Amino acid sequence: MNNYQPVGENRPPQFNAPQNANAQPGGCAPNAQNPAPPQPPGNHQPANGAQAPGVYPPPPPGARIPHPPNAMAQAAGGSSQGGAHGSSAAPGRSRATGPYPPPPGAPIPQPAGGPPLQSAYVPVYPVKEAQPFNGTRADAWFAIACFVLGFLFIRWVTLLFAPVIAGGLGVSLFTGVYAGTVLVYARVRHIRPAAASWFWLVILLAVGATYGLWPGGSMFFLRALLLFGAAVYWCGSLFGGLMAHKSSNYFFFDVINLLFVVPLRNFGLIFKGLASFKQGEKRKTSENSGKTRLTWVYALLGLLLCIPLLFLLLPMLIQADGGVFGQMLGGVARWAASLQILPELWDGLWQLVLGFPVALYLFGLIAGLSHKRYTNGIDKKGVARGMLALRVIPGATVATVLGVVCALYVVFIACQVPYFFSAFAGQRPPGYEVYSQLARDGFFELCRIAVINLGLLALACAVCQKKRQDFTPLRWLSIALSALTLLLIATAFSKMALYIGAYGLTARRVMVCVFLVFLALVCGAVILLQFKAFSIVRFALVAGAALVCLLCLTNPDGAVARYNAGRYLDGSLPGFDTTLVASATYRGGAEAFEAGRLVMENTTDSALRSELYQILFSEQRTARETAGTINDTLANQRIRAMEVSSAEYRYNRYKK
């Protein structure tokens, strides 16, 4: 049996010479009595022809060093047979006391016979959950700016104090202040904006400006969705927080990361930002004074957070009081009421309290993106591996499904040619006496079929084992299904055009037409994708954002009112819908008001004239109530400046 004897405190362990004279010299390591010729570091060939492993590299600081599972080395601190402690080891289980691993340049000791000893060193590096936050004075000032933005958001934007549904200059002002603050912060942080970020900045500012121009109540959901979505997505594009550093097929994962992962995991980062006042700058005052200023800031935040708790406890204390405490609070309330500041103070305090979580969210999102904290919560490689794992369906199966669907559409369209294409000629097919029945019958089904077809194409490309570029049947079936979908979209559009020609426009019909245009653009992009590679998701995202932005800029409610008024006065419409005029300060703005006044002055229907006069007078009074407030708009200013006289007087004067 070989004995393992440590030599020195910081020297590699060596083997003693074997006592058996028949032992092969190549089976043991040299010692002082049996020196070996010097060998260069690295792998070398021993005498018995076995390949010896190389030299151990030095482990990094703090790395875990596992012990090799062999008979030559075990836990440190033991002794070998015949060693200093004189304890004997079990056969084949020698114990080692030398340092592990050996220092650089030392060969690995080999056993006498058997397979060569292999390296058991596996480096284990510590994994950091997030990069540290090295805040500067720029982060501290931006933290204060976020508190201001949170207060302004509650005061100017939310439904509690400045209804978004009614628009207003407050939303436009907040959009400009928000964009300017973020740009200044990026400038101070020496962050160069990506080229794609300018597109989203233009979308953000354009949509925000429409709130101050006209109400646009019919576009409430789409406009608010685009405004808030562009505000968040622009930050991700500006600070390089997107998975592909631009809009890509990872869009849905980017949205989850920007809306939830980054801001919520950095939700309390604003306190570290406030503490950065004394970091990275030369202190002009002592350290104690800097801590004192920061303590005052934290104390002020604590007072703000105590406001909801006080309003919960004070009524209970008044009920439990004998009368003195309640009388004292009543005197304070009467004194505040005499100063006539209580309502404003009440609103301001609540706006500060409600703006506090908004500030935490904004700072967590923007500063987290700037400092790259938790921005890799969704791994791009992991998503790619997951998408690759979905490719489990054979190409023949996918092609069969798409082929059957295309054949079904061809047979269906061939059987319904007179019905589907009669709208292109402006005629009603047999059995349809009114245009509304023709337009509504199957219209929404066609729209849903178009959406299902696009989803089917996306699913087919995602689960097919063969890639689209390498599978010709999938490419041609995608072209066929997209072309059939375009035909169905054109049929639905012709039905809607026939319906509009018969009954006029509404804001909902305009939005449906815009949606059909969007579907047609996506189908055309799918056909182009079969010949040229690009991101179809990025195209759909940019096209959708641009269409909604243009729709907001055109004021669809006002355009509808003008169109219907012109059609009514020239006799192509049987009646005039007064609902848009009745909600001019909420939807159509000055354009709808002007259209109603034009109809009132030129119609021969006396009942309609009287109704429009009452509506216009009421809307003008509502516009006067918003003067000087953040809910005011440019459209309301124009309404206030218009003259609304007696209906009969205006009618008789124009007839003369």
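This structure is a prediction, so every number in the text was calculated from the model and none was measured.
- The minimum heavy-atom distance linking Met511 with Met219 is given by the pair SD-SD, 3.5 Å.
- Annotation for Ala595 and Ala561: closest pair CB-O, 3.6 Å, computed over non-hydrogen atoms.
- Taking 4.5 Å as the limit, some side-chain heavy atom of Val182 sits within range of a side-chain heavy atom of Tyr178.
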Verdict with reasoning, Phe356 to Phe147, per ring-ring contact (aromatic ring centres under 6.0 Å, His included)
CA-CA 7 Å; Phe356 183 75; Phe147 282 110; 5.8 Å; yes
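- Side chains of Val581 and Glu619 form no contact here, defined as non-hydrogen atoms less than 4.5 Å apart.
- Each of Lys272, Arg373, His371 was scored for a side-chain hydrogen bond (donor to acceptor under 3.5 Å, both in side chains) with Asn266, with one residue passing: Arg373.
- Listed by chain and residue number, nothing satisfies the salt bridge (Lys or Arg N to Asp or Glu O under 4.0 Å) test with Arg621 (two or more places apart in sequence, or in another chain).
- Side-chain atoms of Arg640 and Asp632, non-hydrogen and from C-beta on, do get closer than 4.5 Å to each other.
- Under the side-chain contact (heavy atoms from CB on, under 4.5 Å) rule, Cys549 has a single partner from Leu227, Val202, Thr554, Val207, which is Val207.
- Asn631 and Thr626 are not linked by any side-chain donor-acceptor pair at a separation below 3.5 angstrom, with hydrogens and angles left out of the test.
- Judged as a salt bridge (Lys or Arg N to Asp or Glu O under 4.0 Å), and not counting sequence neighbours, the contacts of Arg448 are Glu445.
- Residues Met243 and Ser248 fail the side-chain proximity criterion, which asks for heavy atoms closer than 4.5 Å.
- A donor atom on one side chain and an acceptor atom on the other are not found under 3.5 Å apart for Tyr586 and Thr622.
- The cationic group of Arg223 lies under 6.0 Å from the six-membered ring centre of Tyr211 and within 45° of the ring axis, placing it in a cation-pi geometry.
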May I have the step-by-step check of side-chain contact (heavy atoms from CB on, under 4.5 Å) for Leu541 and Tyr233, ending in yes or no?
CA-CA 11 Å; Leu541 180 63; Tyr233 200 76; 3.9 Å; yes
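- Annotation for Phe221: atom CZ does not count as buried by contact number, only 12 or fewer foreign heavy atoms lying within 6.0 Å.
- Looking at Leu238 and Trp200, their side chains never come closer than 4.5 Å, going by heavy atoms from C-beta outward.
- With 3.5 Å as the limit, one finds no donor-acceptor pair spanning the side chains of Asp139 and Ser276.
- Phe153 places a side-chain heavy atom less than 4.5 Å from the side chain of Thr158.
- Aromatic ring centres of Phe267 and Phe363: separated by at least 6.0 Å.
- Closest approach of Asp557 to Gly217, counting heavy atoms only: OD2-N, 3.9 Å.
- Leu169 places none of its side-chain heavy atoms less than 4.5 Å from the side chain of Trp156.
- By the 4.5 Å heavy-atom criterion applied to side chains, Ile144 and Trp141 are counted as neighbours.
- A side-chain contact (heavy atoms from CB on, under 4.5 Å) with Ile536 is found for one member of Leu457, Leu529, Leu454 and no other, namely Leu529.
- Here the closest non-hydrogen pair linking Glu591 and Arg638 is OE2-NH1, 3.4 Å.
- Checking each of Leu516, Val526, Leu547 against Leu521 for a side-chain contact (heavy atoms from CB on, under 4.5 Å) leaves exactly one that passes, namely Leu547.
- Arg508 pairs by the salt bridge (Lys or Arg N to Asp or Glu O under 4.0 Å) definition with nothing, not counting sequence neighbours.
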